[in-house]
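For clarity, every value in this text was computed on a predicted model and none was experimentally measured. The sequence lines fix the lettering, A, B, ..., with proteins before strands; numbering per chain opens at 1.
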There are 2 protein chains.
Amino acid sequence: MDRRIEKSRQAIMDAFTKLMLEKDFEKITINEIAELANVNRGTVYSHYVDIFDLLNQCIENHLNKLFENCQPRGNDSSISGKDALCKTFNYLEQNAFFYSKMLMSKSITAFRNRLHALMVKSVEEQLDMNGITTDGNREIMVQYFASATIGVIEWWITNSMPYSSEYMAEQLLSLMERYQNVTAPLTRS
Amino acid sequence: MDRRIEKSRQAIMDAFTKLMLEKDFEKITINEIAELANVNRGTVYSHYVDIFDLLNQCIENHLNKLFENCQPRGNDSSISGKDALCKTFNYLEQNAFFYSKMLMSKSITAFRNRLHALMVKSVEEQLDMNGITTDGNREIMVQYFASATIGVIEWWITNSMPYSSEYMAEQLLSLMERYQNVTAPLTRS
DNA sequence: TCGATTTTGTTTATTAATCAACATATGTGA
DNA sequence: TCACATATGTTGATTAATAAACAAAATCGA
């Protein structure tokens with residue numbers, strides 16, 4: 001792809017993310033973003049229809065990175081479920097400022113919705129991948145695991161990460177293993 | 001000016017400076033520079049005729065910053081000659097890696113020549129500014145002060161800055177004050 | 001509330017950057 | 001020494017980014 005596109009997108013997204021950390025979303029203007037990104041205002045509009053589109057793509061980028069982190073590498077299962085989960089918590093820790101802002105913002109509902117949707121999808125994939133069948137209702141089970149995991153993550157982030165990422169991965173894994181052989185809603189063991 | 005020009009120049013110059021620090025000038029290629037700067041190779045050629053032009057402009061940029069540092073601020077002489085000289089040594093310290101490379105490189109003669117020329121010009125300006133007249137030969141005096149100052153700077157840089165910049169400024173100032181009321185070849189008192 | 005300022009979103013002409021292709025030059029290893 | 005690879009410098013067609021200008025909407029301050 002034309003490297004200009006990549007550079008502009010990166011500069012705009014970086015500027016937006018930076019502004020997100022230091023002020024409320026409602027206070028951020030396209031002007032500010034363009035100025036900080038050092039691109040023309042028109043360039044912003046050529047990549048994003050408006051600031052909400054920018055927000056959504058920003059969320060999408062971050063959540064993609066989040067869920068990438070918990071995919072076992074390639075075909076070799078050299079990385080265990082616990083390792084992958086640990087990597088995920090490490091990633092969250094490194095980007096805690098961003099995720100904290102997203103979870104605590106009153107005006108941003110898109111983030112929670114998208115996180116939940118992606119988590120549900122991820123849990124379903126893990127169930128399929130591990131060939132898990134259950135007596136109970138599958139739909140409900142998926143919702144159960146997804147919400148449980150998000151709840152733990154949200155609590156950990158918004159409470160300034162009181163435990164290490166290793167410990168969190170351990171505990172979450174242990175909780176999930178109690179019920180089914182679903183070793184992790186995000187990863188396979 | 002079109003911000004694209006500024007951004008491209010900056011990216012290219014940054015990449016070149018970075019490469020200068022980690023390898024010899026002769027080993028640096030335009031391809032490398034373009035790659036590291038993340039610009040098309042043609043863009044490099046649209047700003048610089050060849051790698052020697054790039055080197056010269058790089059030297060020019062750095063030396064301009066060097067001599068900017070020792071100009072007293074604006075019209076108010078709130079910053080004394082010593083302070084300005086101190087700022088100059090501080091700047092040299094911060095960019096010691098670059099200046100050391102330049103001074104020690106066998107293949108780069110342009111840097112020493114340009115440094116000497118700018119130093120001579122600076123000494124002449126300081127003489128004029130302070131209205132200094134002397135019995136001796138002015139030309140020779142200018143050469144004397146210019147070479148003396150460069151010699152001290154070169155020794156300090158290539159010997160890993162054995163004294164603090166404050167001390168160096170002090171000592172150099174004191175040496176120059178012994179002869180004329182030329183308080184500093186780089187600054188006015 | 002009202003006037004002023006800022007922001008938004010869009011358009012247009014212009015320009016810099018891009019990619020691909022090329023011939024030439026330089027250098028490198030067998 | 002001679003292929004082979006890499007680097008140089010240039011060209012032309014295409015595209016993304018730019019600045020400037022604009023009307024409309026939103027925000028702000030008095």
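No path of Ile, Leu, Val, Met, Phe, Trp and Tyr side chains, each step under 4.5 Å between heavy atoms, connects B:Val49 with B:Met13, placing them in separate hydrophobic clusters.
We find that CG of A:Leu36 is positioned 14 Å from P of C:dT7, with the value rounded to whole Å. Going from atom CG of A:Asp50 over to atom P of C:dT7 covers 17 Å, rounded to whole Å. Look at CD1 on A:Ile28: it is 17 Å from C1' on D:dT27, rounded to the nearest Å. At whole-Å resolution of the value, CG in A:Asp2 and P in C:dA20 are 10 Å apart. Between A:Tyr45 atom OH and D:dA20 atom P the separation is 18 Å, expressed in whole Å. Between A:Glu26 atom CD and D:dT27 atom P the separation is 11 Å, expressed in whole Å. To the nearest angstrom, P of C:dT18 lies 14 Å from CD of B:Glu35. In this entry the distance linking CD of A:Gln10 with P of D:dA17 reads 13 Å, nearest Å.
When distances run from any side-chain atom of A:Lys27 to the nucleotides D:dG9, C:dA17, D:dC28, the shortest one goes to D:dC28. Closest contact between the side chain of B:Ser8 and the listed nucleotides D:dT18, D:dG9, C:dA17 involves C:dA17. The side chain of A:Thr43 has D:dA17 as its nearest neighbour among D:dT8, C:dG9, D:dA17. Among the nucleotides C:dT8, D:dA17, D:dA7, the one closest to the side chain of B:Asn31 is D:dA7. Nearest nucleotide to the A:Ile5 side chain, out of C:dG9, D:dA16, C:dA21: D:dA16.
A tilted orientation is assigned to the rings of B:Trp155 and B:Tyr163, their planes being inclined by 30° to 60°.
B:Val49 comes within contact range of no nucleotide atom at all, as no heavy-atom separation falls under 4.0 Å. Among the heavy atoms of the strands lying under 4.0 Å from A:Arg3 are primed sugar atoms or P, OP1, OP2 only; no base atom is included. Looking at heavy-atom distances under 4.0 Å, A:Lys7 makes contact with sugar-phosphate atoms alone, never a base.
Judged by distance alone, with hydrogens and angles left aside, B:Asn40 brings no side-chain donor or acceptor close enough to the base of C:dA17 to form a pair under 3.5 Å. Put simply, the side chain of B:Arg4 and the base of D:dA17 share a donor and an acceptor less than 3.5 Å apart.
Look at B:Asp2 and B:Lys7 and you find no salt bridge, because none of the NZ, NE, NH1 or NH2 atoms lies under 4.0 Å from a carboxylate O.
Summary of the strand contacts: A:Glu32 and B:Val39 both lie near DNA chain C, and taking for each the nucleotide with the nearest heavy atom, the more 5' one is attributed to A:Glu32.
Minimum interatomic distance between A:Lys101 and A:Met20 (heavy atoms only, all atoms of both residues): CD-O, 3.4 Å.
Contact annotation: B:His47 side-chain N/O to C:dA16 OP1/OP2 distance is not under 4.0 Å.
For the pair B:Thr149 (side chain) and B:Phe145 (backbone), a donor-acceptor distance under 3.5 Å is present.
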